[in-house]
Each structure stands twice: as C-alpha cells, then as structure tokens.
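Just so it is clear: chains get the letters A, B, ... in the order the sequence lines come, proteins before strands, and each one is counted from 1.
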Amino acid sequence: MNDKSKVAVRDLTVKDKFSFARFLVQWEMILIYILIAINVYLMVMRPGLYFAPGTIQSIIQSGMDLSPLVLGMIFVLMLGDIDVSVASIMILAAMATGLSMDAGIPVVPAVLLGIIVGALCGAFNGILVAYCSMPAVIVTISTQMLFRGIVQVILDVNVLSNFPTFYNALAWTNIAYVPISLLVFLALGVVFIIVLHKSAFGRKLYMIGNNPVATQYSGINVKAVKLQVFVIMGMMAGIASIFFVGRMGGGVSSTMGIGLELNAIAICVLGGISTNGGRGKAYGPIISTLIMAFLIYTLGLLNVEANSRVIMTGFILIIAVLIRNLNKEILAEIKLRLLYQSNKNIEALNNKTAENIGNLKVLIGETKKDGKLSTTDKAEKIKKYESQIVGLKEKCKQQTKAMKQQQK
Amino acid sequence: MTKEKTTFLSLLKRLPHMRNFGLIMAFIALLIVAAIITPAMYSWNSIINMLQNNAVFGLLSMGVMFVILTGGIDLSIASTLGLSGVITTSLMSENMNVPAIVWVLLGIGVGIFCGAFNGFLVGYLKMVPMIATLGTMYIFRGFAFLASGGDWWFPHQFSDGYVNMAIGRFLGIPNIIWFFVIILILSAIFLGYTAYGRRIYAVGTNKESARIAGIKQERIILLAFTLCGALSGLAGMLFTANYAICNHAIGTGFEMTAIAICILGGVSITGGRGKVDGVVIAFLMMSVITYFISLLPGLSVWQSAIQGGIIIIAVLINVFTIRSSEKRVLKERGALI
C-alpha cells in the first residue's frame, strides 16, 4: 500500500487510445448524423420525389458551385486569417478565361490563365497580409472592392458567354449516377485532407494558427507559409470559377457571385473550423458542404421562401458555433449562475465535495481489484467508503442550504 | 525634466509625428487634385450635397468604431440599417399623421434590439464577433425581407415630416448632417471623457487586465454593440428619409465601406486604438473620393476599384507611420538609458 500512495513518476505514454464512444460524438460524426437526418426527413416526407431518378444528383450539384472555395478557406481560417475577397477573385478568374477564349486562345491555356490570375490575386493578398503585416480582414475587404471593380471596369454591362464546353458538363452531368462535380470535389478534398493532416505543411498551419510567435521562434518561416496559403486560396478561387460558370450555364457578368465568400466561410465554420485558427479538421467542411446543399433544397421543398432560408442559414451558423463553444468554463459559469445563485463559496464547496467523492470512488474501484483481501473484508471496506460518500453529500447539502439562507 | 515651450516652430516640428499626419497629408493631396481636375466641386451646394449623401456612412462608421475599439467587428450593421429602414417606412406609410420624431425613436429602438442581440452573443456567449455578426447579418436581412413582404416604397408614400427629418434644413444645412454632427460630438465626449468610454478602450487593449482591474467586459461589449446597433438603426431611418425610397435590400454592402472608413481613420482592428477625429477625417476623405469620381465623366465604373485601392494604400501608409513612430519611441528610450 505504501508504494501506491507515493507520487507516481510522470507517465508520458499516450493514454488516449481510440475510444469508440468518443469517436461517435465528435463533431464530424454529428455532421454526418445531421446529413442523414435531413435525408431521412426528405425520404419520409416526399418519398415520390426523393426516389425519383436525378433528384439527389441535382441536389448535390446545386451545392457544388462554391465547393473549391470551401476547401481553400479551410487553410486560410486555419491560420486565424480570413479571406472575404474570394468571390471577387473567382469572377476575375472567370473573366480572364472568358476574355482569352474570346480572343481565340485554345481551351487549355485559357483555363490555366484563369487559375493563374486567381493565384496572382491570392499572392497580392498574401504579400499584403504576410509581408506588410496588415490585418487580413482589411486587406481582403479592400481587395474585394478592387477585384470586383476591375471586373466592372472591363466588363461594364457586357456578359461573357464563350466558355469551354466542359464547364457545363462538369456542373450538370453524372457518371454512373454520381455527379461529376461531386467526384472532382471529393478528389480535391482528399488532397486537402492529406496535406492538412499528413504533411509537414499541414502541421505548420496548425502551429501558426495556435501561436504564430512561437512558430516563428521555432524556426518556421511564418510569412512564407502565409503567402503560400493565400496563393492556394487564389488558385482554388480560380478552380471555383470553373464550377461556378458551369453552374450559371456558361455566362459571366460583373455582378455574379456577390456574397458567396460569406457562404463559404459559413460552411467552414459549420464544419468545425475555428475562426481563431488552429482548430478543426478538413473532413468537417466537406460534409457540411453537402449538408448545406441538402438543407437549402429541403427548405425549398417545404415552401420556405428564399429570404426565410437566409434567416435559417444565419441561425444555423450561430447555433453551430454556440455548440462548439460550449466548453467546461462556460458550463461552469452557467452552473454558478443557475444552481449556486452566483455565490462562489457554494460553488467551491460543491466542487470540493465532488472531488472528494471522486477520490473515494477511485478507492472503491481499487479495493474491488485488490486480490490480497478476502471477500468479506472487501465488502466491509466498500461499505465504509460508501457511508463516507453519503455523509459527505449530506454535509454538503446542509452547508449549501445554510449559505443560501445566509445570502438571503 | 524641463518642459519644452510650445512655440509655433516646435509644433511644426512635432507635426510629422502626429498619428493622423499621413492621413491629413493624403487628404490635402486629394483635395488639391480634385481642385485642379474638377473645380466645380468647391461650391457650397455641392459640398453640402456630398455630405448629405454620405452622412449615413458617417453614422455607420461611428457606430462600428465602438465595436472595433473593443476588439470586435460588426458585419451586421448594413442589415440592421435595412431592417430599421423597412420597419419605420412600412409603419409610416400606414400612419402618415404621427410626428416624425416617433419614427426616429422607433428606428433607434430597432437598432438597439439588433445590437443588443449581437452583444449578447459576443459578450455573454463568447462567440467570435466576426462569425456571430455574419450570422445575424443573414438573419436581420431576412427579417427585413419578411417585414417588407417584398414591397417597395416610393416618394409619394412618404409623409412630409418623415422626409424632413433628413432633408429639411436648419440654418441652411440639412438635418441629416446635424444628426451626424451631434452624434460625432456625443461620441467624442463619450469615448474621451466618460468612465464607460475609457472602459471600452481598456477592454480593447487587453481583455485580461481589464477583467483583473474589475471591468465587467461582458457588459462593456454589450454596450458597444448596442450603441453600434442604435446608430445603425438611426442611419436606416435617415437613409430612407433622405432618398424617400425603400425596399428590403437597401444598404447592402455598406458594412464594408463603414469598416473601411474606420480602418482608414486609424482605428486598429485589434482594438483599443483609434479616435473620433481620425474617423472624421477618413469619412471626409471617403466622401470626397466618391463625389470626385462621380463628377468625372465615364469614371463611375471605376468607383469600387479606386476605393479598394485607396484603402489599401492608406492602411499601408498607416502601418508604416505607426511602425516609424514606435521606432522613434524606442530610440528615445534608448537615448535616455
């Protein structure tokens, strides 16, 4: 017994083994339950429509137009930055492709040019954020105006409609009942998951998101990483232009896609990416992209008009973040307010009692496992501990009562 | 230490080290360029006109300044503007005879409600301000649509008293500018000379030390958001009165311009730094730019591009002047040691 009561040497082995219960309640799984729930709801309410050929495909296709933006935004949010210029970059890239198609440049260089324009815009943001240490919100708010302004200057009120034919095919057709856009999105998603969770670059993003100064001191070039992330974001905006223009039926005007950046951010946040940076997984936003598509479609079926759907989007965003925000501190705060009448003495007393009871319960567990004791001794000891627990609870209750009366 | 005499020369020497120096220089340069290219701008009428059309942005940026000073951001101000505009206009068109001051108060009330909701989410539920207000931006805009029922209101549906709240003149200056000036003075006094105003700076500078100093930061954040909402609500009422037109989409995107004015005026996005005078200069500068561009033929499509570019340049200058002033302070300390 004496050996056990000594302070144990610090145990540094990883104790968090794979726990199935924990796996089932993690955020990404909750998102999957939500997705399944929406599907079941649709299935029950409108079976005729749900099982009709093409319905599910068209739901998924309707949500894919901003999917590459979501993927890029994961990285930017992971850094603790934000990019609200992505929709403008997307339209600028689409315009570059459209204009070069008009000028008779072949398809492949034209599409590449669009993506390069996106990357350049991203680089512009990145240089201002990383090397001029300007806040990302401000930079991207102003470049949003700037890029959209450039499109307005060049296009004015004209509409570009000369786009490669594969744009429409990407957005509207299926391979073996699976939408092509979903396949491309998932392929891109796998790349992003691998980069974020399995590569050194991904770990750097988490580090910078948690503490940029410490990361700088540990020998990582924070500025370069930030620039790279913004360039990736720009490239993804360029790729998003392919999805978006296809979805729009192959036309681009200067006012298209306003507000898409906020949708992309909302999807990322719903997917569990913290806007403070450094928290979240890449799976979440991929699932929540699908959730959004299904949700908007379902609300449409329920005859909820577009603007009420907007309200729903807002509430979903807030509730998703609130659930994620519920941590121990806030729960303790709520307990203090509701149960203990904001009296910190009562809170301390209850916490102390809970701790003591916990210790006694551990002792009971140890006694049960102890092979040296006979069964009667065991029973006696356990009884003793249990009576102690009951006594502690009584005492705590009485004292709490007394304190509450005193406060009155 | 001997106190240096403040002569005109010493003032002149200290001038380049002032916080707003870069901003004022840029503003003067802009005024000179405008004077050369479009001298028509410098008439009493056009200046009043310019201020009248931009006063809404002044109110919005004054409101969002409170929030940014606490280290937050409010993206929902334009939606609050829309909601309060729609509610006041729709009720006004049915009750033409009610005195107009009621609608002003109603607009402020709607704004207070919206702002307090934001403040509750951010202050008490500890949500990230950007995300919370992103959500309420959708919510308030949606409610604006529901309240309007998709309708438009046109000038003949507006009562005279209501419209006069904005365009009626007192001493030759439109009321909407008077509103802005009064709010301006009140916020300067509030931020500079009252305990609650100083607490806003304290929370924005360092939340933890403010808490240890006994400041209830939840309450201060709630206060800042509520003030911001109240000003946005007032702006919504005045906006509809100024143009005598209203639908659910009024003011979309105004939040970006308002935040841009704040940043241009030297309000630090991380909180705790910034004053009313900087925001006023930035507001004047933004109004001049908008008006200047609208006067040049064929340039109106350039408007957002030029605005975006100017904000970037101005913030860059601001970053560098702050850096150089910090370096100067460090050097002086080094010299003392």
Please report the shortest heavy-atom distance between A:Ile82 and B:Met130, naming the atom on each side.
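Heavy atoms only, the tightest pair is CD1-SD, 3.2 Å.
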Can you give me the closest heavy-atom contact between A:Asn263 and B:Tyr138, atom names plus distance?
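Shortest heavy-atom contact: OD1-OH, 2.8 Å.
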pair A:Ile318-B:Leu125: side-chain heavy atoms closer than 4.5 Å:
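With C-beta onward as the side chain, the pair stays apart.
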Is the count of non-hydrogen atoms from other residues, nucleotides or ligands lying under 6.0 Å from A:Tyr206 atom OH greater than 12?
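More than 12 within 6.0 Å, yes.
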Give the intermediate values and the outcome of side chain to side chain contact (heavy atoms under 4.5 Å, CB included) for residues A:Val269 and B:Leu134.
CA-CA 11 Å; A:Val269 172; B:Leu134 187 63; over 6 Å; no
Which residues from residues 119-132 of chain A are near chain B, with near meaning under 4.5 Å between non-hydrogen atoms?
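The list, in residue order, reads A:Phe124, A:Leu128, A:Cys132.
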Segment of B:Phe143 engaging chain A (4.5 angstrom heavy-atom cut-off):
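Both parts, heavy atoms under 4.5 Å.
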